[in-house]
Amino acid sequence: MNNLHGILFTYQSNANLRELTEHRTIASIPYGGQYRIIDFMLSNFVNAGITDVGVLMHESYQSLLDHLGSGKDWDLSRKWGGLKILPPFAYAKKRGSGEFRGEMEALGGVYTYLQQIRQEYVILSTCDLVANLPIADFFESHLKSGADITAVCTHTPIAAPESATYFSIGPDGLVSDVLCGGHKSLDCESLDIYILSKSLLLSLIDYCVSHNLTSFSRDVLLGMGHSLSIHPCFYDGYAARIQSKTAYYSKSIELFDPTVRASLFRPDQPIRTKDRWDPSTYYGPDAQVEDALVADGCIIEGTVKNSILFRGVRIKKGASVENCILMQDTSIQEDAVLRCVIADKSVTVHSGRMLMGHESYPLVLAKGQSV
Amino acid sequence: MNNLHGILFTYQSNANLRELTEHRTIASIPYGGQYRIIDFMLSNFVNAGITDVGVLMHESYQSLLDHLGSGKDWDLSRKWGGLKILPPFAYAKKRGSGEFRGEMEALGGVYTYLQQIRQEYVILSTCDLVANLPIADFFESHLKSGADITAVCTHTPIAAPESATYFSIGPDGLVSDVLCGGHKSLDCESLDIYILSKSLLLSLIDYCVSHNLTSFSRDVLLGMGHSLSIHPCFYDGYAARIQSKTAYYSKSIELFDPTVRASLFRPDQPIRTKDRWDPSTYYGPDAQVEDALVADGCIIEGTVKNSILFRGVRIKKGASVENCILMQDTSIQEDAVLRCVIADKSVTVHSGRMLMGHESYPLVLAKGQSV
Amino acid sequence: MKKECIAMLLAGGQGSRLYALTSKVAKPAVPFGGKYRIIDFPLSNCVNSGIDTVGVLTQYQPLELSNYIGIGQPWDLDRTVGGVHILPPYVKEGSKGTWYKGTANAIYQNMGFISLYDPDYVLILSGDHIYKMDYSALLARHKQAGAACTISVLEVPMEEASRFGIMNVNEDDIVYEFEEKPKQPKSNLASMGIYIFTWSKLREYLIADEENPASSNDFGGDVIPAMLNAGEIMAAYRFSGYWKDVGTIVSFWDANMDILSVHSGVQLYDKSWPIYCRTPTLPPHVIGQTGTLSHSLVSGGCEVCGKVENSVLFHSVSVGEGAKIRYSILMPGTVVEKDAIVEYAILAENTHIGQGARVGAAPCNVPPEDWGVAVLGSGVCIADHQVVPPKAMLESTEEEGHI
Amino acid sequence: MKKECIAMLLAGGQGSRLYALTSKVAKPAVPFGGKYRIIDFPLSNCVNSGIDTVGVLTQYQPLELSNYIGIGQPWDLDRTVGGVHILPPYVKEGSKGTWYKGTANAIYQNMGFISLYDPDYVLILSGDHIYKMDYSALLARHKQAGAACTISVLEVPMEEASRFGIMNVNEDDIVYEFEEKPKQPKSNLASMGIYIFTWSKLREYLIADEENPASSNDFGGDVIPAMLNAGEIMAAYRFSGYWKDVGTIVSFWDANMDILSVHSGVQLYDKSWPIYCRTPTLPPHVIGQTGTLSHSLVSGGCEVCGKVENSVLFHSVSVGEGAKIRYSILMPGTVVEKDAIVEYAILAENTHIGQGARVGAAPCNVPPEDWGVAVLGSGVCIADHQVVPPKAMLESTEEEGHI
């Protein structure tokens, strides 16, 4: 497994997630009480024995940089290889912008890095997927198939059709057609995870960059699919894609389902995240809690129902929180009442305030707000 | 010494160093056979027991990012604190440029970071100084003096007057006047290393940012000097500043002086740099070497005189290198002749070529060139 | 590479008064306070005090402790020079190795390790106290007094002083006499078992002590008295704050309960002096619809569907519907099935309490002479509806696999 | 945390045939090839082969080796789970510890460590060979053969075969017989002392071996024959490439000289299989105006003002004006003063050769029976103009400081 190199694309903020991505990319949105979304894919890589991972940065990557640090929390702080931050220098220079137009352009910007990697194979993935994946099996399947590219896909549609890539499978078991950016879904949807050899990847980049082609799905899979054998590798376990505020809310609430938790949090394939020094969570004498997912370091003295509390959240006496997601270090003062609220990091809700959203339109409090 | 936090400014490229800084900042110019200039100040910090260092990045910081990696080579890869890369997000966003106009503006961009540091005191320094400094002594001197700011300075002028800051010392032993950006030197020159408390620094930043003041020397030391006590702390050992191509060349050649080497390379205060896996240097049967500073991993089969060879340099049979600085992985093929040449990383000079500069105007071969 | 001050942590104690809790692990590795092990407190104190080189002297069940410490990442002690090192008594050339004879002998046997760092001062710590302390203040006091040895002391109530090693000091807090458990204590300054020595002095006394066949090779019993007799300057450093010896079942249970009364125990939520620990990678804990909690600590990976009061739940504990946990400490991996009741009990790692079983009892419900905290050793399984009386001390009888 | 394959590196050998070179360090810690120590080769091979968990079994002079390995950063083995661990024979509860009885006993005593990682396969390595080898190919061969044990073998010239442990194999390279130094070798496949075992099988045989009082508890002598007798599948894996046992002064000297003939020794400059090592932080070396070098290796921090031919200079070596070094190995910190001559010699760490002194001689200048490589142990000082004859073996008589 030493022979597979990980590349993660951290996408630009999505308009549908505006409030949560003002200061960060999707990859660094807090999720599930203590994680950032990138933790899932990064842990999947590490659990498969991948030792070297390059993270292609987009604009607003400061929060991601803070989160990843030296990579130590994922055991990726190495002298050789390990976690490498790849900032968007190339585009910043060329076009005065820190955004790339597509994966192939982004890869073109780190061509020298790719040339120097120690492994023969590369796995490309986005960072907006919440799933616990058997990457080692995918790699084995790729090697066995002998195909040029292995595309990990699912039978259960999970993305909005306009941003997803779909495959038709031919009689030979290989991908026979590719649909992308349409409004119709096929039942075989790409998880946007691809395995191919380093040498093929380099030649694809060469071709794309010199022909001003930028997208992996449109320009490589669709555009060059006739000359490439694409092997579909199916994963039909739990997977969620975070593409809008409502999806973020509803996918978070799914964590109350024990089967979802069992599928995401497997002792043999742990999801690692940045460590903090938080002690255990303290429940005070008047705490009333029902259906809650609570991280370490909270002090809960009020009422919590059907909610997700991140690390270091404080719920003071008499406060009541229902159907909420409160991110790290949020503080809810005495007698405040919150319903269907997503509070970003370090929000303070003062005594006696009452804030209500609806499940179909949760109220979002921006990072650091004091209400 | 746990109570001092390091901040390094990595300056923008200097026009006088154009060829060497096209792809990098001054901080990451290779120096002395195996170092980058930043290694000196970073090692000074580490040798003084400083555990947390923030590096303020400027434009073109990719090469610096590569060099620093996770900070492990300086024992600065930590879960809490350690080496933190601080990219120029704030300016990039505000003005579409990755450059800051002065230290105070740069510090304003990382205000939140500074608020959260664990130490009570901060040391600010630039990265263009080659010196082995007793930072712990400076800190002790600062604490003893009770002054607001300690400025490390020297009696030996080492910089070009127009880019230097000079002090007059009053009868009370404190700085009585500050000169900056003039054309005349005083005999007390600042090494641009300052120690002050975190709380004072934060209030100075507040003031400067809100008054559109950007420079530490001009706007703080000079502009606000009347209300601050500035304690000069003298260091009169060896120190070199790399501000032009000729200075780079002549300061490099000074390394042949055993007293300069003894002052820079002290076993008790080692200068750390990025590790490579290079084996020892091999001298072939026909090697002829005289007055050379040679790093590990070279294979020398030709003639080398009065030159500095970085790691992994190859000098083939019959080749002759005199008064040259050859950076890492440079390859000089059979019978090539080089005089007064500075070859950047991974340059290849083909068989039989002859390249000559002059000591007063060394010929620079850009990174990766094949001549 | 020279270090000004290094710490040597005596973690060799078997902690036999913790009975079932230490039958499989060394005392410093016993879980404490929801997330920690006892050794996390001195280790974190070292790091927070700027001491980055720590030797951990261990002998009893070293593998578990050694595996817990690893290379020291959780405490930021994975250092290029220095860091944390486990030092079991090893077998020297041509000799049969032996366990450390006493605390002083343990340091004596590791003088080679200490010399690697050529320290000016050596801090001697033990691995059985819960406290937060800035050792750099202790070091400053040592330097200021120009002492050969400085001892950290705590003012205890005069009536309890005869239970401690008491330091009698002059007006400058310089020790002139040391009395071990004096019947008529002259002062109430109790030694906390935390010493800082000037290394050159300590080295000298350790060598002399080793050569003395009459010595029990102990700091308190031999080295400190020898130094005092020889007229070395010995300073006292007054510590104030929470400090608790967790050497007995009752004091261990107390110290855990102290944390629950937020203002009395060791202040875990104080960010200025964090206590670090190694925890497995676990998701947040989950409180089910039928779970109720009060006055309790709950950690990562727990699933609580029962009622938990005044208790400490370590990670990965599961409490079934209808189960009741009161005034108890449930260590990692404990499973309490439906309708079981656990009161005034300490359940070590991976214990399993069957449906409707009952462990321990409240003091009001039993005659005082029969009451005590019930303790289940690691891996103990209690069958459905079985009753474990208060004060019970059960160990797993299951034979462990060969090695 | 499960690992598919972990390595156990037998580094306990005293290496007594290296005499003065191993009087203060274990053989695996002996400097080799300008920058390395012998143990860097198997360790780097592990890392390059994707094995990230290595137990280093050491007993003789463990402190130096343990200090060299540290937490494993130079080899990228400072891992959260796994990494490199020094395993000295430690003293178990209630017993006196003893040195490892044999190679198999060393593994037996550390079965607790191995079980932590629940491996499918265990790779057994030794710390006295210089070679580059991809252990993942060995593992692939082991899996493909479905073997209980796979042994790496080297084809040696038939006439030398009787000096080795010889594996007799069938056409599938399955071992049917093992002969230790046979007088009439049936094959030329010599065991390299590198084994891979299916852990469940090895565990079984180690326990049986330990219970057998007649056993010497050795892999080659006891465990391998026992497995063969029991009919376990034992595969051979053919290795080709440079491999050298550096167990004697002559072979050690040879292996160093091999590096100088760039195409014959272990390929240090080959970037695809780097050998990692821990080196002190040192500036580049300096060649003075009067220095001349040929066919030599020079390392960081050296200052060369004399003449160096066919020699290996480790870091921080200083060669004065007029001094001549020929066919010699100068370990870290060696100082050769003005006009001294060193020929066919191995100078261990921090030796000091006075002005005009003479160490060793070329074979052409002495009768063959008097010739041999001269060896100076670490710290030996040779006075000005003193002469050390070839074949000499000097150790520092200076008493080392107490511990």
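Neither the backbone nor the side chain of A:Arg266 has a heavy atom closer than 4.5 Å to any heavy atom of chain C. Of the two parts of C:Asp40, neither the backbone nor the side chain holds a non-hydrogen atom closer than 4.5 Å to a non-hydrogen atom of chain A. Residue contact with chain C, scored on non-hydrogen atoms closer than 4.5 Å, is absent for A:Arg311. For C:Tyr36, the part lying near chain A is the side chain, with the backbone staying farther off; criterion is any non-hydrogen pair under 4.5 Å.
Residues A:Tyr283 and C:Val298 come closest through the heavy atom pair CE1-CG2, 3.5 Å. The shortest non-hydrogen separation linking A:Gly297 to C:Tyr269 is O-CE2, 4.1 Å. Scanning all heavy atoms of the two residues, the minimum distance from A:Gly32 to C:Pro284 falls at O-CG, 3.3 Å. In terms of heavy atoms, C:Ser299 sits closest to A:Ser280 at OG-OG, 2.7 Å. When all heavy atoms are compared, the tightest approach of C:Gln289 to A:Glu290 is O-CG, 3.1 Å.
Annotation for C:Lys244: atom NZ counts as buried by contact number, over 12 foreign heavy atoms lying within 6.0 Å. With a 6.0 Å radius and a threshold of 12 heavy atoms from other residues, nucleotides or ligands, C:Lys132 has its NZ atom above the threshold. At most 12 non-hydrogen atoms from other residues, nucleotides or ligands lie less than 6.0 angstrom from CD of C:Glu321. Counting non-hydrogen atoms of other residues, nucleotides and ligands closer than 6.0 Å to NZ of A:Lys84 gives a total above 12.
Between chain C and the options A:Phe256, A:Trp277, A:Tyr35, heavy-atom pairs under 4.5 Å are most frequent for A:Trp277. The candidate from C:Ser294, C:Gly291, C:Gly34 with the greatest count of non-hydrogen atom pairs under 4.5 Å with chain A is C:Ser294. Chosen from A:Ala295, A:Gly33, A:Pro258, the residue pairing most often with chain C at heavy-atom distances under 4.5 Å is A:Ala295.
Here the CD1 atom belonging to C:Ile287 is positioned 9.5 Å from the CG atom belonging to A:Leu293, to the nearest 0.5 angstrom. Note that CD of C:Glu303 is 4.5 Å distant from CZ of A:Arg261, once rounded to the nearest 0.5 Å. Note that CG of A:Asp296 and CG of C:Leu297 are 10.0 Å apart. Values are rounded to the nearest 0.5 Å. Taking CZ of A:Phe265 as the reference point, atom OG1 of C:Thr281 lies at 12.0 Å (rounded to 0.5 Å). Separation of atoms CG (C:Leu293) and CD (A:Gln288) is listed at 11.0 Å; rounding is to 0.5 Å.
Between the C:Lys35 side chain and the A:Asp278 main chain, a donor and an acceptor come within less than 3.5 Å of each other. No donor-acceptor pair under 3.5 Å is formed between the side chain of C:Glu309 and the backbone N or O of A:Pro285. Of the possible donor and acceptor atoms, one in the side chain of C:His285 sits under 3.5 Å from a partner among the backbone N and O of A:Val294.
At a threshold of 4.5 Å between non-hydrogen side-chain atoms, the residues A:Tyr282 and C:Ser296 do not count as touching.
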